[in-house]
Amino acid sequence: MSTTIFQKPKGLTDTRMHYCPGCGHGIVHRIIAECIDEMNEIDNTIICAPVGCAVFIPKYFKYDSIHCAHGRAPATGTGIKRVHPDKTVITYQGDGDLASIGMAEIVHAAARGEKITTIFINNGIYGMTGGQMAPTTLPGMRATTSQAGRDVERNGNPIRVSELLSTLDGPAYIERVAVDTPAHVIKAKKAIKKALEYQKANKGFTMVEVVSSCPTNWGLSATKAMEFVGEKMIPYYPLGVYKDVEEGK
Amino acid sequence: MSTTIFQKPKGLTDTRMHYCPGCGHGIVHRIIAECIDEMNEIDNTIICAPVGCAVFIPKYFKYDSIHCAHGRAPATGTGIKRVHPDKTVITYQGDGDLASIGMAEIVHAAARGEKITTIFINNGIYGMTGGQMAPTTLPGMRATTSQAGRDVERNGNPIRVSELLSTLDGPAYIERVAVDTPAHVIKAKKAIKKALEYQKANKGFTMVEVVSSCPTNWGLSATKAMEFVGEKMIPYYPLGVYKDVEEGK
Amino acid sequence: MGKTHKISCAGFGGQGVMSMGQLLTYAGMIDGKEVSWVPAYGPEMRGGTANCSVIVSDTPVGSPIFETGITTAVVMNLPSFHKFVPKVASGGSIFVNSSIVNEKVDRDDVNVYYIPVNDLANELGNAKLINIIMLGAVIEIDKIVESESILKAFLKVFGDNKAKLIPINREALAKGAEVAKTLKK
Amino acid sequence: MGKTHKISCAGFGGQGVMSMGQLLTYAGMIDGKEVSWVPAYGPEMRGGTANCSVIVSDTPVGSPIFETGITTAVVMNLPSFHKFVPKVASGGSIFVNSSIVNEKVDRDDVNVYYIPVNDLANELGNAKLINIIMLGAVIEIDKIVESESILKAFLKVFGDNKAKLIPINREALAKGAEVAKTLKK
Amino acid sequence: MSKFTVTFNEKECKGCELCVTACPKNIISLNPEITNDAGYNPASIANMENCIGCQSCARMCPDCIITIVKND
Amino acid sequence: MSKFTVTFNEKECKGCELCVTACPKNIISLNPEITNDAGYNPASIANMENCIGCQSCARMCPDCIITIVKND
Amino acid sequence: MAKIIMKGNEAVAKAAIIAGCRYFFGYPITPQNEVPEYLSRELFAAGGTFVQAESEVAAINMVYGAGGSGARVMTSSSSPGIALKQEGIGYCVAGEVPCVIVSMMRGGPGLGTIQPSQSDYNQATRGGANGDYHIPVLAPGSVQEAVDDVKEAFEIADCYRTPVIVVADGLIGQMMEPVELENPVKTRDISPKEAWALGYGTREKQNSIENLVIDSPACEAKNIRFFKEKYSEIEENEVKYEEYMMDDAEYAFVAYGTTSRIVKNSVNELREKGYKIGLIKPRTLWPFPQVPFKNKNIKKFVVVEMSMGQMVIDVELAVGDRDKVTFYGRCGGIIPTPEECADYAEKVMGGAK
Amino acid sequence: MAKIIMKGNEAVAKAAIIAGCRYFFGYPITPQNEVPEYLSRELFAAGGTFVQAESEVAAINMVYGAGGSGARVMTSSSSPGIALKQEGIGYCVAGEVPCVIVSMMRGGPGLGTIQPSQSDYNQATRGGANGDYHIPVLAPGSVQEAVDDVKEAFEIADCYRTPVIVVADGLIGQMMEPVELENPVKTRDISPKEAWALGYGTREKQNSIENLVIDSPACEAKNIRFFKEKYSEIEENEVKYEEYMMDDAEYAFVAYGTTSRIVKNSVNELREKGYKIGLIKPRTLWPFPQVPFKNKNIKKFVVVEMSMGQMVIDVELAVGDRDKVTFYGRCGGIIPTPEECADYAEKVMGGAK
Ligand SMILES: Cc1ncc(C[n+]2csc(CCOP(=O)(O)OP(=O)(O)O)c2C)c(N)n1
Ligand SMILES: Cc1ncc(C[n+]2csc(CCOP(=O)(O)OP(=O)(O)O)c2C)c(N)n1
Ligand code: SF4
Ligand code: SF4
Ligand code: SF4
Ligand code: SF4
């Protein structure tokens, strides 16, 4: 006899993902799907795709889905959740999408305590458009619009989104995780699961910030990119729980 | 012999302000003008008017001025300051303007460390448009779009802007003051002066949040409105210095 | 074709000029007329002047707005006096709150009625009634709507729970009418 | 009217197909021709295929884009092979990277040249040279531009500080040309 | 002569009473005798002698109505 | 028979090597023999016996290439 | 069935509730503030939701989500606020999301004035978002028509799965008039939510509101479907206009919305003087009525707008002869009087009674 | 004076620097990314500033501030990004702030595709912001023309104190062609900064960039000034178009930008077959050229666009006879071939050589 102990989750379609080799998006997609599988919510989930590399989300998940305008997934998710308060609504956003153009929408969805779960992929760069500087690009990090490396005097300072949103009263749960190692992936999944469960329990707005990689635009191999996450990104973006209403945080 | 110890500052025009009786905008206008007078910057200042009751700013100050689009004063101020790095650039915004529609612009101007000074009037309401709920409207406070009083479950939670922006690295100075009493007015002026001086010294982004009143839309007399500031607004929006690079804050 | 009343009510915010207009409008409808009400709106309202334009007509309302050709003007303060007196049509009526406005109309092609509504309201012991008193005068002179219709309109505009105020309002209307009668030409 | 070369270069990202096209374009200009270069762009480029369209012509370039009617196709991998082979004009040339593409062109109205560029590059000890070797073959056969112009173009595209790479590139061009000669029909 | 002279631009005063409340000596009040063009009763001081020149009224005035002169 | 069977969807593997690095037993490597249609050498395991079934490879794989079966 | 007197903005809000709208997302802006104010009070009671969005941009994207979920949803704004919604409106178009957008025009450009105007005709009818598309635009000229149009707008939106714009001006929003709220509305065939809306799909057949069509042939096919199917159907079924005194007319005013009621007075005035003039009043601005402009008896069409002339080109295109079209306009918040419009028309007619 | 080969987007960026542009505020979007990328590298070196704005909305409002300060400033975007800029563009218009906006069109509506298209013609020429206004729109059809147009755009912007849009498509942004960067540009009279720009006023005479015109007569007067002075001057001075083989033509293609170069091939092809066909190529889309369409020899005008047909109505209005105007279009990122355009034209001409 044999038991399958790891396989592709049921909530993902068979479509080949277009992501670059070793891109963190794929890992996060999978763990979202695993959580929804485990919660038995495949037919009760609606996912909001961002504008960014993850724009193809509708092809990859078996949930109802919508292409949101750049940065506006939290607003669109709000519209959906208000109509379908019993559905699990997930918004998935990159750092350009969420922390740059979409800053107002995420702050306000969080302040409203909108009962959605935002998965925020912090890969420090604009992937889809070819490697421009993101609000999360580290100081000194090269991007096509900061080719000499991000100079905070010239290009401004990175934004730590979890910290910023944690000043608000609306969020029920905010955690920053990473997907650079198997151990971190396990933690990341736990965080996403918790966020989704808080949503189901109507506790308020939930967000998991995932520190991830973009090997292509970082100009690194997939493996080196994950090392960069561990060595450079995480020190700047400390992992941990930033808000948890159940823990009085 | 006699000395004039208090008079209208030189930087204000003779135009009668259209603000309602007892509105805090007038007080703040005056103290800005006093600071600029004292710094001898009348001919070196550019002020950005918001969309809101203060939209008439160009008529009241003797500085060069511009009507900014609703919420975008920090962006427009950025454009101006980049062209005129030696000018003192002030943006003046209400809470609808800055904390609602303009949230992305203020966060990013602050993160960039844009060398401008933002005067943020927190009067807990949309004045100009007739008393709609602002992001800063207190829980339980009535507004024309929260007529039963702001219910945080239904209408979301207020946003504490100074706290939020203080999570960023770009600001050099952020203080929250009030104009409900003469003593607070003196402090408010000191804060604005300091912010403007930091700007002159190129230290980074500076903001002074002024807790103010809107007697008309609060439905209170001017005096009662100032009492409300002291009794309800300040406890929710604690006064104090939230960021000061010189003090290692 | 029948008569078309073009009425402007103007004054400070707080003098009840907007609701004066609304009461006329509602009363007009109750009387089976064609009606419309348009407020002036703008930031100048901030503690400044307020005014509205009302049409009560036997024929459908085309343009609800009229810049000139006013048939009935109610001016409750000085700025409104200056603004509206020149816009009244020849043969029209002007009702002036003479408690506040000390100037006199310098036209002889219009009928002017000086009503000291603040003083009259004080006599009634309720300063808020100035607009109703003025309305009493207006409809006594210009016969735009029925007095009883104004009282029915009152419940529509302010809600049925204000029924207890009907008697005092009836009194105010009568007061206005009474003073107006003495001035009638 | 003179000759118009419509060239498509296609392959994986990283095989240098885009710069191959740019070198042809620059060289064409150096040779006094009218030229244009257009990349295909899109998210499918993410680790996928890349291609560009080049025109080198004696007359001004009208449309810089051609869906079919390709006169020279360079296909560096299998997906490109499938995509571009049918689009080549009758009488056109197809250059296939036979180190990677094992299939054969099933058309008899075109000239096909199988160049094992990966293997040839390995012979030269530099895997990056595959596009230059292929270029050598292409210009040997189709005479689009001068070989020396490609080397001048090289400095334009990659910058003068890459001058030290000229000799090895010259060698690569020669290698491609040499192999092509043996295949010439 | 009083130590300080506080004057009010009566035409422009909006009668908001912020100065009235601010005055620690309680010497300011609205003048019911005057109604300015905008319809307000402007602020005024009856007994200027009591003024201590603290400028609290002026600091609270949103309309720069108040000028204070020190008579030395 | 090995305790675990790890299979790779070779057609879809992108050869990113995240599984290779993740494997604590260092038993995964790209297979230079195979180039799939997208041009990648897929990952594979030579000595399955050494697999401890920790699933680290699968957890890191962005493309759900890996299936792990426990052979009891 | 009794008429009541309502402010235009409140009537619009009430009409939406009657039409089954349960979701409103909006941001304050004069002169339409009574719409959100009314709905913030009434929608919860009706079992729906009101959200004061952080901006017009957020509002339209909330509408996109709620409409995409199959709900009847509305937003409302005015000139610069509608400008901010453009991208989102484009997303609603491309995602085929039914929704109603109320545009209470004020004077522009830019921040401009808050007084009424009709200078957002282009904004509504010619887009401003990217790409090829059309949006049905209804243009009421009274509080009653506003109520009727809002109700109809929801039907059109659901039937064709498209945003619909109801474009009025500040005057209609601000004025009070008697209105009958319960006029019946023509219902239309509506495709079941199961077929497309979020929350009604299954793992076997997901419903997806799609905006990205990265593949060019597919993108072209979608455009062609919109134009050849959706838009031509709308052009066939939904054109609306009214004529007044056009039977024997030799001249015609052309006006929509507030100017149409003003110009009606001018027609009456001129008729009394013996002029054979009437009024063509487009009730839909897209699709723009063509038939009334084919009337060969008309010597001149006198377009009157509260703008520098934006509908004019649609009239010129419909008439087919630019020389027959003249224009009179006021703008920046100025409302023309019946008299000045009549004066202008008299000049155009040159005394030709 | 030697030509070099440049990618369209980079050439546009370089041209801006040559034109004296020292400030750029923009946000990434395909297919124009090389514009900000190039300028992020080169502007600081040129003594200027590049800011990657947090959004297109922020970018255009930064432009508003910098342009209002009298600097030469540019932003660049593509379809949905331009939609987001609409409100800000309206503010630049109303504030009379000179600036240049590059619009590299891609297929829509909504998110659409990133492939080239011309379906933002309406977006550029008919507004989308509120109010009555026009913006000069230049339409280059090659990298060379893009360079020349960008340089000219700054002159026009400064001369009339207006935003100017340079509208091209993704193809022109992405392609490389030889280009001469130093072509001379016609300079125009420019009012001194002291007269209006921020930072040049004094306490006695403040300079103010105004958008609010709360008073209706003033707002109307401003509109009238724009139309009667500014816009009519532009219509008089700035119309640009080219004709190709039109001397003896009986049929005319009408195309701008990328389609104009494609259709040139079609003209050549058809001329070889003996058809008397030429090409009218508008180089400004607003003001739209009128003169070439008054050519009475032309039996049919064949408009070709990468859209469902947006320029068509301008051609119809200029020709004055809708029956003479036919349209062939591809969209969604599909670029028509010279052959298919020629085929279509042949059908229109019905073999009439
Ligand atoms: C309004 C608008 N602006 C810009 C774009 C172009 N755009 C597409 S994806 C993207 C950024 C993506 O970066 P990020 O959000 O970090 O996600 P990633 O691709 O890195 O996953 C941008 C700017 C757009 N489609 N729409
Ligand atoms: C894009 C846009 N949206 C909305 C408005 C309408 N509007 C004018 S002022 C204002 C809010 C003002 O409130 P606040 O910023 O709090 O300032 P206050 O008037 O209280 O000083 C709004 C929403 C506008 N002019 N433009
Ligand atoms: S570009 Fe970066 S974020 Fe996008 S798929 Fe590739 S690796 Fe992932
Ligand atoms: S409405 Fe409020 S904020 Fe505006 S002027 Fe009046 S009191 Fe001041
Ligand atoms: S504070 Fe100023 S405006 Fe208010 S009452 Fe006193 S003097 Fe008048
Ligand atoms: S992690 Fe997945 S995609 Fe990457 S090499 Fe391993 S099996 Fe292949």
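Each chain gets a letter, A, B and so on, in the order the sequences are listed, and its residues count up from 1.
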>> I need the B:E153 CD to A:K115 NZ distance, nearest 0.5 Å.
In response: 4.0 Å
> If you draw a 6.0 Å radius around NZ in B:K190, do more than 12 non-hydrogen atoms from other residues or ligands fall strictly inside?
Replying inline: no
> CD1 of A:I106 to CE of B:M103: how many Å apart, nearest 0.5 Å?
Replying inline: 12.0 Å
> Which residues from residues 228-249 of chain B are near chain A, with near meaning under 4.5 Å between non-hydrogen atoms?
Replying inline: B:Y236
> In terms of heavy-atom pairs under 4.5 Å with chain A, which of B:P135, B:G102, B:G156 leads?
Replying inline: B:G156
>> Taking NZ in A:K187 as the centre, count heavy atoms belonging to other residues, nucleotides or ligands within less than 6.0 Å. Is the count above 12?
In response: no
>> I'd like to know which of A:G71, A:S100, A:A109, A:G204 tops the heavy-atom pair count under 4.5 Å against chain B.
In response: A:S100
> Do the side chains of B:H108 and A:I159 get nearer than 4.5 Å, heavy atoms only?
Replying inline: yes
> So which bits of residues 162-171 of chain A come within less than 4.5 Å of chain B, counting non-hydrogen atoms only?
Replying inline: A:E163, A:L164, A:T167, A:L168, A:D169, A:G170
>> Less than 4.5 Å to any heavy atom of chain A: does that hold for the side chain of B:A110, its backbone, both, or neither?
In response: neither
> Between the side chain of A:N157 and the main-chain N/O of B:A111, is any donor-acceptor distance below 3.5 Å?
Replying inline: yes
